[in-house]
Structures are given as structure tokens and as C-alpha cells.
**Q** 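Below is the structure I would like to discuss, written out as C-alpha cells.
Just so it is clear, the structure is predicted and the values come from calculations on it, not from any experiment.
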Amino acid sequence: MFRTIVLIPTYNERDNVRTLIPALLRDLPGVHVCVIDDSSPDGTAEVAHELALSANGRLQVVVRKHKEGLGRAYADTLRSDVVADFDAIIMMDADWSHDYYEIPKFLSLLENCDIVVGSRYVVGGRVENWVWRRRLLSWGGNTYARLILGIPVRDCTAGFTCLRRSVVEAFDPRMMSARGYGFTIQFKYTAFKKGFRIIESPIVFSERREGASKMSFNIITEALFLPWKLRFDRSLKAR
């Protein structure tokens, strides 16, 4: 059995956090949660703190001073004391697009690998309630990154990921530069180059329930140039 923590970065996700966190803690009684909030003006952190009062120590809340993006939230937290006592770490979104019922399956698969990627682009995986433009952007971006990097992962931008703490201990996530969802590409590629075993597990990815997408022109531009930067990064060596 893995002692498990779920990391959930947030920015203006008050309404989603209010429903997601209690449901996750109720249905997965052995799992801990950490909400990493970038000082959301909508009061997300305040809601999380209220929920923590009745979570019996299973919910931590980290409030960051500024909005620095998903990548920085994950990178800083992965190398902090937040994850020090856990064997398995889950990264997932706060907006209900990731089904937390997949977590027990991820942990079972983790017995035989180092990283489990919740994938939309393997047999059995799919996306629901997306317009065709967003489907094309996601599929095209993944194909683009995979071809440039030569990484054997079909869903390079997947944000629903389960990993052993040993993966984090092998390299410093804080050294990764990506701030947006490019972090998910950079993290997988770095782990792949270091020889960690990665497998994909099919998931159904649903549109967010509440709030607005954080996708922006800057995030897309970062992800466009990132694969080329990674490909020619000579500092990535096998462990």
C-alpha cells in the first residue's frame, strides 16, 4: 500500500473546491490532499481552509503569494515537506475534469512502474464535451511534442499523473522552467530521459464543471517552443 497525497493547484476554483475536496476525502479514505492556491481573489483558499477544519488532518492548504502558474505550483511543492511523508503523489486538476475514482487503479499500476499517466489518447481514453477546435489543439499539441521529443507517451500534456516519490528525489522539479501546462511535458520528458518507467492508463476527460479555463496565449506559446528547448538540453542524463 502506498501512502498517498493528491496535489491540486488552484486559481479561482472556489466552487469546484467546495464540492471536489469533500467528495474525494469521503470516497478515498486512505488518501491525503493538498490544495496549492495562488492567492485566488475569489476566496478559494478560504474555502479550502474551512474544509480543512473537518478533514482530520488529511487536507493541507498552501497559499502562494502570487499567481505563478500550475508549473511553479507543482515544482515548488514537489520538493517541499508537503510530500515528504508520502510514497505516491497524484497531480490532478481542481475542476472535475479528472475522475478521482481512477486513483485506486493508478496506485495498483504503480506497483510495476514509476509513473502512471491518465491518458486521453490510448485505447479506452477519450474527451467529452469539448468543441472541435479544442480537440484539435490538444491532439495536435501532443503529436507535435511527441514527435519532437521521441517520448513514448501519447498524452504528453496529461495533467492527471501518479508517481513514486523516488521520481521527485532523482531530480529537482524546481529547475524546470515551464509555468503552464508545458510543465506536464517537461516533467514526463525529464523522467523518461532519466530512465523511469512510464505507463499510460485510459481516462475519460470531461469539461470543467465551474469557472473558466486558464488557457492563454502565453501558455500555448510556451508549450510551442518548449519541446525544442528540451530536445537540445544536454543536461538531461540517464540515471
Side-chain angles (χ1 to χ4, degrees), residues 1-104 106-107 118 158-165 168 172-174 176 178-181 183-184 187 205-216 219:
M1 296 293 294
F2 293 100
R3 182 169 166 81
T4 304
I5 187 167
V6 180
L7 304 183
I8 304 179
T10 59
Y11 187 77
N12 287 347
E13 297 286 1
R14 177 188 60 195
D15 293 336
N16 286 316
V17 163
R18 194 187 302 278
T19 55
L20 174 65
I21 301 303
L24 195 160
L25 292 173
R26 179 193 67 230
D27 296 337
L28 300 178
V31 169
H32 289 239
V33 177
C34 178
V35 171
I36 312 158
D37 187 67
D38 275 6
S39 293
S40 299
D42 75 341
T44 298
E46 287 77 2
V47 170
H49 279 299
E50 290 175 7
L51 295 172
L53 295 176
S54 58
N56 297 318
R58 293 172 56 209
L59 174 60
Q60 300 182 59
V61 182
V62 174
V63 181
R64 297 161 59 78
K65 293 182 179 180
H66 309 288
K67 182 184 178 183
E68 296 184 280
L70 175 147
R72 298 317 314 159
Y74 275 141
D76 291 342
T77 306
L78 285 170
R79 289 297 286 184
S80 72
D81 291 339
V82 169
V83 302
D85 294 329
F86 296 92
D87 309 305
I89 303 161
I90 308 285
M91 296 186 283
M92 67 176 284
D93 293 345
D95 58 10
W96 286 94
S97 58
H98 298 146
D99 186 349
Y100 62 79
Y101 278 107
E102 297 287 346
I103 290 176
F106 287 3
L107 294 174
F160 198 9
T161 308
C162 175
L163 57 138
R164 293 175 180 266
R165 195 179 69 220
V168 179
D172 190 346
R174 290 172 298 188
M176 292 189 285
R179 290 180 174 268
Y181 75 84
F183 171 85
T184 63
F187 189 88
F205 184 96
S206 303
E207 182 58 279
R208 65 167 40 249
R209 290 193 182 180
E210 305 287 346
S213 171
K214 308 304 185 297
M215 191 65 67
S216 67
I219 289 175

**Q** Can you find a heavy atom in the side chain of Met91 that is under 4.5 Å from one in the side chain of Phe183?
**A**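 A side-chain contact under 4.5 Å exists here.
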**Q** Would a 4.5 Å heavy-atom cut-off, applied to side chains only, mark Thr77 and Gln60 as touching?
**A**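 Not in contact.
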**Q** Flag the pair Leu25 / Val33 as yes when at least one side-chain heavy-atom distance between them is below 4.5 Å, and no otherwise.
**A**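 Sidechains of Val33 and Leu25: in contact.
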**Q** Starting at CG of Leu163, measure out to CZ of Phe187 and round the result to the nearest 0.5 Å.
**A**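 It is 4.5 Å, given to the nearest 0.5 Å.
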**Q** Evaluate side-chain contact (heavy atoms from CB on, under 4.5 Å) for Arg3 paired with His32, printing each intermediate quantity in order.
**A** CA-CA 8 Å; Arg3 182 169 166 81; His32 289 239; 4.0 Å; yes
**Q** Which heavy atom of Leu59 sits nearest a heavy atom of Ala52, and at what distance?
**A**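 Heavy atoms of Leu59 and Ala52 come nearest at CD2-N, 3.5 Å.
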**Q** Which atoms form the tightest heavy-atom contact between Ala158 and Gly118, and what is the distance?
**A**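 Where Ala158 meets Gly118 most closely, the heavy atoms are CB-O, 3.4 Å.
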**Q** Is there a donor-acceptor pair closer than 3.5 Å between any side-chain N or O of Ser80 and the backbone N or O of Val82?
**A**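 Checking the backbone N and O of Val82 against the side chain of Ser80, a donor-acceptor pair under 3.5 Å is found.
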**Q** Any chance you could measure Lys65, atom NZ, to Ser39, atom OG, to the nearest 0.5 Å?
**A**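 Here the interatomic distance stands at 9.5 Å.
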**Q** Atom CG in Asp42, atom CG in Asp15: separation rounded to 0.5 Å?
**A**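 Nearest 0.5 Å value for the CG-CG distance: 7.5 Å.
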**Q** Once you round to the nearest 0.5 Å, how far does CD of Glu13 lie from OG of Ser40?
**A**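 That separation rounds to 7.5 Å.
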**Q** With no hydrogens and no angle check, is any side-chain donor or acceptor of Arg165 less than 3.5 Å from a backbone partner on Ile89?
**A**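 Not a single qualifying donor-acceptor pair exists.
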**Q** So which atom in Tyr101 and which in Asp27 form the shortest heavy-atom distance, rounded to 0.1 Å?
**A**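 Heavy atoms only, the tightest pair is OH-OD2, 2.9 Å.
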**Q** Let's go through Asp76 and Ile36 carefully: what are the C-alpha distance in whole Å and the side-chain angles of both, what is the deciding distance for side-chain contact (heavy atoms from CB on, under 4.5 Å) to 0.1 Å, and is it a yes or a no?
**A** CA-CA 10 Å; Asp76 291 342; Ile36 312 158; over 6 Å; no
**Q** Going through the distances and angles, do Tyr100 and Leu28 end up as a side-chain contact (heavy atoms from CB on, under 4.5 Å)?
**A** CA-CA 9 Å; Tyr100 62 79; Leu28 300 178; 4.0 Å; yes
**Q** Where the side chain of Asp93 meets the backbone of Asp95, is there a donor-acceptor pair that is under 3.5 Å apart?
**A**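 Side chain of Asp93 to backbone of Asp95: no pair is present.
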**Q** Please name the pair of heavy atoms, one in Cys34 and one in Val62, separated by the smallest distance, quoted to 0.1 Å.
**A**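 So the two residues come closest at SG-CG2, 3.7 Å.
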**Q** Is there a side-chain contact between Ile103 and Cys162 (heavy atoms, below 4.5 Å)?
**A**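 Contact flag for Ile103/Cys162 side chains = no.
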**Q** So Ile8 and Leu20, side-chain contact (heavy atoms from CB on, under 4.5 Å) or not? Walk me through it.
**A** CA-CA 10 Å; Ile8 304 179; Leu20 174 65; 4.2 Å; yes
**Q** Does Asp37 reach the main-chain N or O of Val63 with its side chain, forming a donor-acceptor pair under 3.5 Å?
**A**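 It does not hold such a pair.
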**Q** If you look at every heavy atom in Ala45 and Val61, which pair is closest and at what distance?
**A**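 Closest approach of Ala45 to Val61: O-CG1, 4.4 Å.
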**Q** Going by an N to O cut-off under 4.0 Å, is there a salt bridge joining Asp38 and Arg64?
**A**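 Salt bridge present between Asp38 and Arg64.
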**Q** Can you tell me how far CG of Leu70 sits from OG1 of Thr10, rounded to the nearest 0.5 angstrom?
**A**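 Going from OG1 on Thr10 over to CG on Leu70, the span is 10.5 Å.
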**Q** How far apart are the closest heavy atoms of His98 and Gly159, and which atoms are they?
**A**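 It is CE1-C, 3.6 Å.
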**Q** I want to check something: taking the side chain as every heavy atom from C-beta on, are Trp96 and Asn16 in contact at a cut-off of under 4.5 Å?
**A**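 Counting from C-beta outward, Trp96 and Asn16 do come under 4.5 Å.
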**Q** Compute the ring centroids of Phe205 and Phe160, then answer whether they are less than 6.0 Å apart.
**A**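 No; Phe160 has its ring centre 6.0 Å or more from that of Phe205.
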